[in-house]
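Atoms within each ligand, like the ligands themselves, are counted from 1 in listed order.
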Amino acid sequence: MKTFDAIVIGTGQAGPPLAARLASAGKKVAIIERGRFGGTCVNTGCIPTKTMVASAYAAHMAKRAADFGVSIAGAVTVDMKRVKARKDEISGKSRTGVEQWMKGLANGVVFQGQARFESANTVAVGEEHLSAPQIFINVGGRATIPAIPGLDEIEYLTNRSMMNVDFLPEHLIILGGSYIGLEFSQMFRRFGSRVTILEMGPRLIAKEDEDISAAILDILGAEGVDVRLNAKTTRFSKREGKPVAHIESSGAPEEIVGSHLLVAVGRRPNTDDLGLDSAGVAMDSRDYIVVDEQLRTNVPGIWALGDCNGHGGFTHTSYNDFEIVTANLLDNDPRRLSDRIPAYALYIDPPLGRAGLTEAEVRKSGKPALLATRPMTKVGRAVEKGETQGFMKIMVDAENKRILGAAILGTGGDEAIHSILDIMYAKAPYTVIQRAVHIHPTVSELIPTMLADLKPL
Ligand SMILES: Cc1cc2nc3c(=O)[nH]c(=O)nc-3n(C[C@H](O)[C@H](O)[C@H](O)COP(=O)(O)OP(=O)(O)OC[C@H]3O[C@@H](n4cnc5c(N)ncnc54)[C@H](O)[C@@H]3O)c2cc1C
């Protein structure tokens with residue numbers, strides 16, 4: 001048995017900074033990783049996909065070059081091998097950075113292999129047995145594979161295996177119309193694939209407001225992504241080596257034959273093979289580890305951070321979990337999970353930046369609220385760039401004037417949303433933004449103008 005002050009399981013977005021903080025505080029730390037250092041974001045999530053989104057944007061703009069008075073002689077073509085190589089290089093640098101960081105940590109020892117709890121304070125990795133009074137779980141998640149008949153008999157891709165694609169799928173069928181599926185759909189359409197999204201619900205990205213879903217449908221539709229809504233996939237089969245989705249849409253059966261199938265119906269936590277029973281760590285009905293406001297599990301001395309606790313699902317939320325844990329453990333700063341304002345971006349082009357409540361959530365809360373919207377056609381910066389799709393909207397509390405939520409679906413929306421997010425964190429009234437002098441020409445400069453149009457919800 002090797003003894004440590006702390007064990008960190010998983011090197012996702014919370015584990016490495018946490019291990020580094022604990023080690024620099026003088027604790028002897030064991031770091032366990034079964035796969036590639038850096039986890040999902042670095043290897044199969046944010047970094048590689050946004051790198052590929054950038055390639056897709058370049059292809060798209062090259063095809064639009066004439067709109068800007070730029071001539072490109074000959075056809076615009078995409079070299080998928082080079083797209084993948086660029087992605088591999090950027091993602092690989094990040095991975096190597098995390099690996100070297102962890103392996104070079106003074107007071108840290110890295111173990112490569114599958115971690116499994118043996119008790120509340122011991123963990124096995126291969127032949128090794130490690131013990132510590134503090135154990136931090138950062139095991140992340142993976143793609144959910146739905147129990148649709150025939151799926152297990154055909155080849156399909158997930159966000160992980162998509163990373164090996166160095167060719168152009170002739171017709172990519174994407175099962176699932178939420179953020180992972182949408183990003184891949186537009187990306188591969190821009191690379192030149194035919195793309196069909198099969199979404200069983202009545203609209204795309206159902207957590208968003210209906211007007212956002214509708215605008216995203218328009219954006220993807222304008223580029224030729226075929227979106228099938230209310231499409232229940234009843235089974236899959238294979239025909240001449242190709243995947244066939246058997247769907248029922250408005251009651252009528254239909255077959256969609258693709259060249260490749262991507263399954264993107266959601267994520268599940270990597271908690272099934274961690275031996276949590278042996279430690280007595282409680283999970284909820286969806287196998288997420290139950291945590292309190294400080295990310296403590298029901299077992300004293302065990303914490304769960306990142307996607308596996310079900311309170312985030314993003315890189316920034318996982319990193320914030322690290323901040324909450326270290327603030328409480330090392331800095332005598334009582335940071336809480338509930339201090340966090342939900343925020344995220346959807347990286348289609350133009351992107352969606354989101355902060356706080358949706359309009360539907362504001363309506364449900366029954367709070368007296370005001371709402372303002374502005375189409376991107378009325379944002380000078382968007383017009384100048386020739387990227388006028390989308391709109392922005394904001395909701396504020398009619399009584400205390402605080403911002404309840406906002407969405408910017410439009411060029412630069414992933415950045416501009418932060419001027420709203422910061423005011424929300426400051427708990428300041430929206431009128432502060434109206435008195436700020438924003439830079440011209442930007443998307444952010446129209447936020448004060450939009451706020452001048454607030455009307456009762
Ligand atoms: C396609 C895609 C795109 C995404 N894009 C974005 C985006 O643009 N922005 C954003 O904020 N988020 C994005 N995400 C989500 C983001 O990647 C995750 O939320 C983020 O990586 C946080 O994960 P984590 O820290 O919980 O753990 P992870 O990054 O999943 O890491 C967990 C680590 O634990 C290891 N592990 C698991 N079990 C064990 C075990 N038993 N023993 C040892 N090691 C183990 C794994 O190998 C892995 O390295 C995306 C996700 C996907 C799939």
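Within the structure, ligand 1 lacks P48 among the residues with a heavy atom less than 4.0 angstrom away. Residue contact annotation: R116 has no non-hydrogen atom under 4.0 Å from ligand 1. Heavy atoms of E183 stay at 4.0 angstrom or farther from ligand 1.
Rounding to the nearest 0.5 Å gives a distance of 10.5 Å between CG of D333 and CD1 of I324. Note that CZ of R268 and CZ of R286 are 10.5 Å apart. Values are rounded to the nearest 0.5 Å.
Not less than 6.0 angstrom separates the ring centroid of H260 from the ring centroid of F188.
Residue T44 approaches ligand 1 through these ligand atoms, each under 4.0 Å from one of its heavy atoms: 1 (C). Taking a cut-off of under 4.0 Å to the non-hydrogen atoms of G113, the atoms of ligand 1 that pass are 42 (N), 43 (C). Per-residue contacts place N159 under 4.0 angstrom from the following atoms of ligand 1 (heavy atoms of the residue considered): 1 (C), 53 (C). Atoms of ligand 1 lying under 4.0 Å from any heavy atom of R36, numbered from 1 in the order shown and given with element: 49 (O). Below 4.0 Å from some heavy atom of G39 lie the following atoms of ligand 1, by number and element: 29 (O), 31 (O), 48 (C), 49 (O). Set against the non-hydrogen atoms of Y179, the atoms of ligand 1 under 4.0 Å away are 14 (N), 15 (C), 50 (C). Under a 4.0 Å criterion applied to the non-hydrogen atoms of L274, ligand 1 contributes the atoms 41 (N). Each of the following atoms of ligand 1 lies closer than 4.0 Å to a heavy atom of G306: 26 (O).
Atom 9 (N) of ligand 1 has as its closest protein heavy atom C46 SG, 3.7 Å. Closest protein heavy atom to atom 18 (C) of ligand 1: D307 OD2, 3.3 Å. With respect to atom 31 (O) of ligand 1, the closest heavy atom belonging to the protein is G12 CA, 3.3 Å. Considering only non-hydrogen protein atoms, atom 27 (O) of ligand 1 sits nearest to G140 CA, 3.3 Å. Ranking protein heavy atoms by distance to atom 29 (O) of ligand 1, first place goes to T40 N, 2.8 Å. Atom 46 (C) of ligand 1 has E33 OE2, 3.3 Å as its closest protein atom, hydrogens excluded (heavy atom only). What sits closest to atom 11 (O) of ligand 1 on the protein, heavy atoms only, is T315 N, 2.9 Å.
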| request: Kindly indicate, with the supporting measurements, whether the criterion side chain to side chain donor-acceptor pair (under 3.5 Å) is fulfilled by T196 and H171. | output: CA-CA 8 Å; T196 304; H171 179 190; 2.7 Å; yes
| task | Could you check E33 against T11 for side chain to side chain donor-acceptor pair (under 3.5 Å), going step by step and ending with a plain yes or no? | result | CA-CA 6 Å; E33 174 54 62; T11 64; 2.8 Å; yes
| query | Yes or no on side chain to side chain donor-acceptor pair (under 3.5 Å) for E293 and S338, after CA distance, side-chain angles and deciding distance? | reply | CA-CA 7 Å; E293 282 272 48; S338 52; 2.4 Å; yes
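Looking at ligand 1, you won't find any N or O of Y347 less than 3.5 Å from one of its N or O atoms. At least one N/O-N/O distance between C41 and ligand 1 falls below 3.5 Å. Between A115 and ligand 1, at least one pair of N/O atoms sits closer than 3.5 Å. Considering backbone and side-chain atoms alike, Q114 places an N or O below 3.5 Å from some N or O of ligand 1. Looking at ligand 1, you won't find any N or O of D273 less than 3.5 Å from one of its N or O atoms. The distance criterion of under 3.5 Å between nitrogen or oxygen atoms is met by N138 with respect to ligand 1. Considering backbone and side-chain N/O atoms, G313 comes within less than 3.5 Å of an N/O atom of ligand 1. Annotation: N270 places no N or O atom under 3.5 Å from an N or O atom of ligand 1; distance criterion only. Distances between N or O atoms of S318 and those of ligand 1 include at least one value under 3.5 Å.
Between R95 and E99 there is no salt bridge, since no side-chain nitrogen of the basic residue lies less than 4.0 Å from a carboxylate oxygen of the acidic one. Salt-bridge check for D414 with K50: failed, with every basic side-chain N at 4.0 Å or more from each acidic carboxylate O. Here R203 does not pair with D209 in a salt bridge; the nearest charged N to carboxylate O distance is not below 4.0 Å. With respect to D5 and K28, no salt bridge is recorded, no charged nitrogen being found less than 4.0 Å from a carboxylate O.
Checking S318 against Q13 by side-chain atom types alone, no donor-acceptor pair falls below 3.5 Å. The closest side-chain donor-acceptor pair between R296 and N328, if any, does not fall under 3.5 angstrom.
Smallest separation of non-hydrogen atoms from D88 and M163: OD1-O, 4.4 Å. When all heavy atoms are compared, the tightest approach of A304 to N309 is O-ND2, 3.1 Å.
Checked by atom type and distance alone, the side chain of T297 pairs as donor or acceptor with a backbone atom of V299 at under 3.5 Å.
A 6.0 Å sphere centred on CD of E155 holds no more than 12 heavy atoms belonging to other residues, nucleotides or ligands.
Residue contacts with ligand 1, taken as heavy atom pairs separated by less than 4.0 Å, involve I180 solely via side-chain atoms from C-beta onward. Residue contacts with ligand 1 for T49 involve side-chain atoms from C-beta outward but no N, CA, C or O (heavy atoms, distance under 4.0 Å).
Looking at R34, M163, K50 and measuring to atom 38 (N) of ligand 1, the nearest heavy atom belongs to R34. When the heavy atoms of A143, G10, G45, A345 are ranked by distance to atom 52 (C) of ligand 1, first place goes to G45. Around atom 37 (C) of ligand 1, the closest heavy atom drawn from V125, V139, V123, V42 belongs to V139.
Between E223 and R190, some side-chain heavy-atom pair lies under the 4.5 Å cut-off.
Applying salt bridge (charged side-chain N to carboxylate O under 4.0 Å, His left out) to R142 and the options D287, D307, D272 leaves one that passes, D272.
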